[in-house]
Undergrad: 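Quick one: the structure is below, questions incoming.
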Protein chains: 2
Amino acid sequence: MEQLPSWLLTQTAAFAGRLVSEGFASTGGRGYHYRVLTSLHVDGPTSQAGLGRRTGIFPSDMVATLNELQALGFTMRSVDKSDKRRYLISITPAGVERAEELSAAAEKIQDALLAPLDDDERHQLTALLGKLYAHHRQGFPPLPMT
Amino acid sequence: MEQLPSWLLTQTAAFAGRLVSEGFASTGGRGYHYRVLTSLHVDGPTSQAGLGRRTGIFPSDMVATLNELQALGFTMRSVDKSDKRRYLISITPAGVERAEELSAAAEKIQDALLAPLDDDERHQLTALLGKLYAHHRQGFPPLPMT
DNA sequence: CCCCGAACGTTAGTCGCACTAACGTTAGTT
DNA sequence: AACTAACGTTAGTGCGACTAACGTTCGGGG
């Protein structure tokens with residue numbers, strides 16, 4: 001059982017999840033915050049739905065996440081007057097700062113996670129996971145990442 | 001962000017988790033059932049605590065899981081009269097059958113998950129994940145897997 | 001021998017993430 | 001003008017991981 005890739009993947013992911021949670025939680029954040037702030041920081045403002053497509057977060061969860069981030073002063077909702085259905089979500093200076101904190105935390109997490117692997121192996125792993133990720137992402141969510 | 005190993009790992013794990021959930025759910029089971037039944041089938045009867053150590057399931061969750069499996073007729077609790085604190089958990093014939101069903105489901109899941117990888121890559125991946133798993137398992141839970 | 005700490009099973013509850021269903025509003029399309 | 005699709009929102013579900021507390025039982029040391 002312990003050599004089944006799905007077992008290894010989910011178990012390793014469990015450890016990874018633990019590390020990620022701890023890492024982010026120690027700075028008072030969580031995965032969704034990291035994903036959203038980083039996406040806004042790197043790829044710029046967009047609608048909530050667009051953000052959801054970028055980050056793989058469901059619209060319903062997006063609402064809650066943005067409520068939190070907004071309450072913390074990290075993001076802003078402004079009406080898109082060319083389309084009254086949507087908000088334009090943008091990141092504040094404080095949000096950028098936070099995004100960088102969380103990125104730093106993410107890097108530390110990498111190190112802890114990949115500790116037993118040398119550089120070669122790390123590249124192998126990222127390549128393989130990238131392949132899996134790319135494959136399974138196909139045909140899955142609403143693709144247009146506006 | 002998309003080349004961060006932790007991002008890839010957690011995202012890939014998300015897909016894996018989806019496939020696993022779907023795969024098991026389609027047969028009316030879940031991950032905990034698979035873990036527990038397989039452990040009992042492969043490594044024989046033990047106490048609840050022992051089972052928890054084998055499978056990485058918390059005692060509190062073990063209780064619920066065994067209640068379910070017992071209600072379904074897949075496992076049995078018998079008193080360990082040499083130690084009145086514990087139950088001896090064993091698997092029933094129906095449970096063995098179920099374990100095999102779930103194992104078959106797990107294999108199908110493997111195929112779906114690893115579809116984009118050739119044999120070589122699959123071995124690489126298992127090796128790398130195994131390394132990570134082995135490393136992070138150290139110093140984590142109560143080790144004696146009685 | 002008794003006491004105390006550890007292990008066992010159990011109940012209850014929390015958290016993060018993923019996901020579904022339904023609703024009102026607004027934009028396009030036909 | 002009517003219909004469909006997209007948007008944001010509310011509410012609720014499921015699974016896995018985890019914490020806290022409690023009563024019972026076992027084992028070892030004073």
Side-chain angles (χ1 to χ4, degrees), chain A residues 7 9-25 28-36 46-53 55-68 70 77-89 136 140-144 146, chain B residues 7 9-25 28-36 46-53 55-68 70 77-89 136 140-144 146:
Chain A
W7 168 268
L9 188 61
T10 54
Q11 290 303 300
T12 309
F15 286 117
R18 239 189 304 266
L19 288 173
V20 168
S21 289
E22 285 172 14
F24 285 147
R30 356 197 233 92
Y32 278 14
H33 291 184
Y34 169 64
R35 291 202 223 169
V36 168
T46 183
S47 66
Q48 290 191 194
L51 252 186
R53 283 184 287 261
T55 56
I57 296 176
F58 271 66
S60 48
D61 298 317
M62 199 68 237
V63 174
T65 305
L66 286 179
N67 287 344
E68 292 170 19
Q70 190 165 328
R77 274 183 250 239
S78 50
V79 271
D80 180 339
K81 44 189 167 185
S82 75
D83 187 340
K84 290 177 192 166
R85 287 173 306 180
R86 33 183 118 175
Y87 290 126
L88 230 204
I89 311 297
H136 289 290
F140 199 70
L143 296 146
T146 314
Chain B
W7 168 267
L9 189 61
T10 54
Q11 290 302 302
T12 309
F15 286 116
R18 238 188 304 266
L19 289 173
V20 168
S21 289
E22 286 171 16
F24 285 149
R30 338 192 249 98
Y32 278 12
H33 291 185
Y34 170 62
R35 292 201 223 168
V36 167
T46 182
S47 67
Q48 291 191 193
L51 252 186
R53 283 184 289 261
T55 56
I57 296 176
F58 271 65
S60 47
D61 299 317
M62 198 68 235
V63 175
T65 304
L66 286 179
N67 286 345
E68 293 170 18
Q70 189 165 329
R77 274 181 251 240
S78 51
V79 271
D80 181 339
K81 46 190 167 184
S82 74
D83 186 341
K84 290 176 194 166
R85 287 172 305 177
R86 31 182 122 177
Y87 289 127
L88 231 203
I89 312 297
H136 290 291
F140 199 71
L143 296 147
T146 316

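Quick note on labels: first sequence line is chain A, next is B, and so on, each numbered from 1. This is a predicted model, so every value here is computed, not measured.
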Undergrad: Counting C-beta onward and ignoring hydrogens, is there a side-chain heavy-atom pair between B/His33 and B/Thr65 closer than 4.5 Å?
TA: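 Yes - at least one pair of side-chain heavy atoms lies under 4.5 Å apart.
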Undergrad: For a quick test of reading the model: is some side-chain N or O of B/Gln48 closer than 4.0 Å to OP1 or OP2 of C/dA7?
TA: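 For B/Gln48, the contact criterion (side-chain N or O under 4.0 Å from OP1 or OP2 of C/dA7) is not met.
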Undergrad: Grab the CG-C1' distance between B/Asp80 and D/dT24 for me, whole Å please.
TA: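 Rounding to the nearest Å, CG of B/Asp80 and C1' of D/dT24 are 15 Å apart.
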Undergrad: On a plain distance test, is the side chain of A/Arg85 in donor-acceptor contact with the base of C/dA27 below 3.5 Å?
TA: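 For A/Arg85, whose side chain was compared with the base of C/dA27, there is no donor-acceptor pair (under 3.5 Å).
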Undergrad: Starting at atom CZ of B/Phe15, determine the distance to atom P of D/dC15, rounded to an integer number of angstrom.
TA: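 Rounded to the whole Å, the gap is 21 Å.
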Undergrad: Among D/dT10, C/dT10, D/dT25, which nucleotide has an atom closest to any side-chain atom of A/Val63?
TA: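 It is D/dT10.
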Undergrad: Taking all atoms of both residues into account, what is the closest heavy-atom pair of A/Ser47 and A/Arg86, and its distance?
TA: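 Result for this residue pair: CB-CD, 4.0 Å.
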Undergrad: Please report the shortest heavy-atom distance between A/Tyr87 and A/Arg77, naming the atom on each side.
TA: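 Between these two residues, the closest heavy atoms are CD1-CD, 3.4 Å.
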Undergrad: Report the nucleotide, chosen from C/dT26, D/dC26, C/dC8, that has the shortest atom-to-atom distance to any side-chain atom of A/Asp83.
TA: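 The answer is C/dT26.
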Undergrad: Applying side-chain contact (heavy atoms from CB on, under 4.5 Å), run through A/Gln48 and A/Val63 and close with a yes or a no.
TA: CA-CA 8 Å; A/Gln48 290 191 194; A/Val63 174; 3.9 Å; yes
Undergrad: Within the structure, does a side-chain N or O atom of B/Arg35 lie under 4.0 Å from either OP1 or OP2 of D/dA17?
TA: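 For D/dA17, OP1/OP2 do have a side-chain N/O of B/Arg35 under 4.0 Å.
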Undergrad: How close or far is atom C1' of D/dA17 from atom CD of A/Glu22, stated in whole angstroms?
TA: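 Rounding to the nearest Å, CD of A/Glu22 and C1' of D/dA17 are 12 Å apart.
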Undergrad: Given D/dG8, D/dC26, C/dT26, identify the nucleotide with an atom nearest to the side chain of A/Ser47.
TA: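 Ranking D/dG8, D/dC26, C/dT26 by closest atom to the A/Ser47 side chain puts D/dG8 first.
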Undergrad: Taking only side-chain nitrogens and oxygens of B/Arg53, does any of them come within less than 4.0 Å of OP1 or OP2 of C/dC8?
TA: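 So the side-chain polar atoms of B/Arg53 do come within 4.0 Å of the phosphate oxygens OP1 or OP2 of C/dC8, strictly under.
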Undergrad: Determine: side-chain N/O of A/Arg77 to OP1/OP2 of D/dT9, distance under 4.0 Å, yes or no.
TA: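 For D/dT9, OP1 or OP2 has a side-chain N or O of A/Arg77 closer than 4.0 Å.
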Undergrad: Looking at C/dC17, I'd like to know if its phosphate oxygens (OP1 or OP2) sit under 4.0 Å from a side-chain N or O belonging to A/Arg30.
TA: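 True: A/Arg30 side-chain N/O within range (under 4.0 Å) of C/dC17 OP1/OP2.
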Undergrad: Name the nucleic acid region contacted by A/Gly56, choosing base, sugar-phosphate or nothing; use a 4.0 angstrom heavy-atom cut-off, strictly under.
TA: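 Result for A/Gly56 = nothing.
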Undergrad: Please tell me which of A/Ser21 and B/Ala64 maps to the more 5' nucleotide of DNA chain C, matching each residue to the nucleotide holding its nearest heavy atom.
TA: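 Its nearest nucleotide being more 5', the pick is B/Ala64.
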Undergrad: A/Arg18 vs B/His136, test: side-chain contact (heavy atoms from CB on, under 4.5 Å). Steps then yes/no.
TA: CA-CA 11 Å; A/Arg18 239 189 304 266; B/His136 290 291; over 6 Å; no
Undergrad: Roughly, in whole Å, what's the span from CG in A/Leu51 to C1' in D/dG8?
TA: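 Answer to the nearest Å: 13 Å.
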Undergrad: Once you round it to whole Å, what is the distance between P of D/dC26 and NZ of B/Lys81?
TA: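 In whole Å, D/dC26 P and B/Lys81 NZ are 14 Å from each other.
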Undergrad: How close or far is atom P of C/dA7 from atom CZ of B/Arg86, stated in whole angstroms?
TA: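 It is 11 Å, rounded to the nearest whole Å.
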Undergrad: Base, sugar-phosphate, or nothing: which does A/Tyr32 touch, judged by heavy atoms less than 4.0 Å apart?
TA: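 Counting heavy atoms under 4.0 Å across all strands, the contact made by A/Tyr32 includes a base.
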Undergrad: Let's go through A/Arg85 and A/Asp83 carefully: what are the C-alpha distance in whole Å and the side-chain angles of both, what is the deciding distance for side-chain contact (heavy atoms from CB on, under 4.5 Å) to 0.1 Å, and is it a yes or a no?
TA: CA-CA 5 Å; A/Arg85 287 173 306 180; A/Asp83 187 340; 2.9 Å; yes
Undergrad: May I ask you to decide if B/Val36's main-chain N or O and B/Thr55's side chain share a donor-acceptor pair within less than 3.5 Å?
TA: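 No; zero donor-acceptor contacts below 3.5 Å.
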Undergrad: Round to a whole Å and report the spacing from OH of A/Tyr34 to C1' of C/dC17.
TA: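 Going from A/Tyr34 (OH) to C/dC17 (C1'), I get 17 Å.
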Undergrad: Please report the closest heavy-atom contact between B/Ile89 and B/Leu66, naming both atoms and the distance.
TA: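 Residues B/Ile89 and B/Leu66, closest heavy atoms: CD1-CD1, 3.7 Å.
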Undergrad: Under 3.5 Å between N/O atoms: give me all the protein pairs with nucleotides 19-21 of chain D, atom names plus distance.
TA:
unit_1: D/dT19; atom_1: O4; unit_2: B/Ser60; atom_2: OG; d: 2.7

Undergrad: Measure the distance from CG on A/Asn67 to P on D/dT9 and round it to the nearest whole Å.
TA: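 The answer, rounded to whole Å, is 7 Å.
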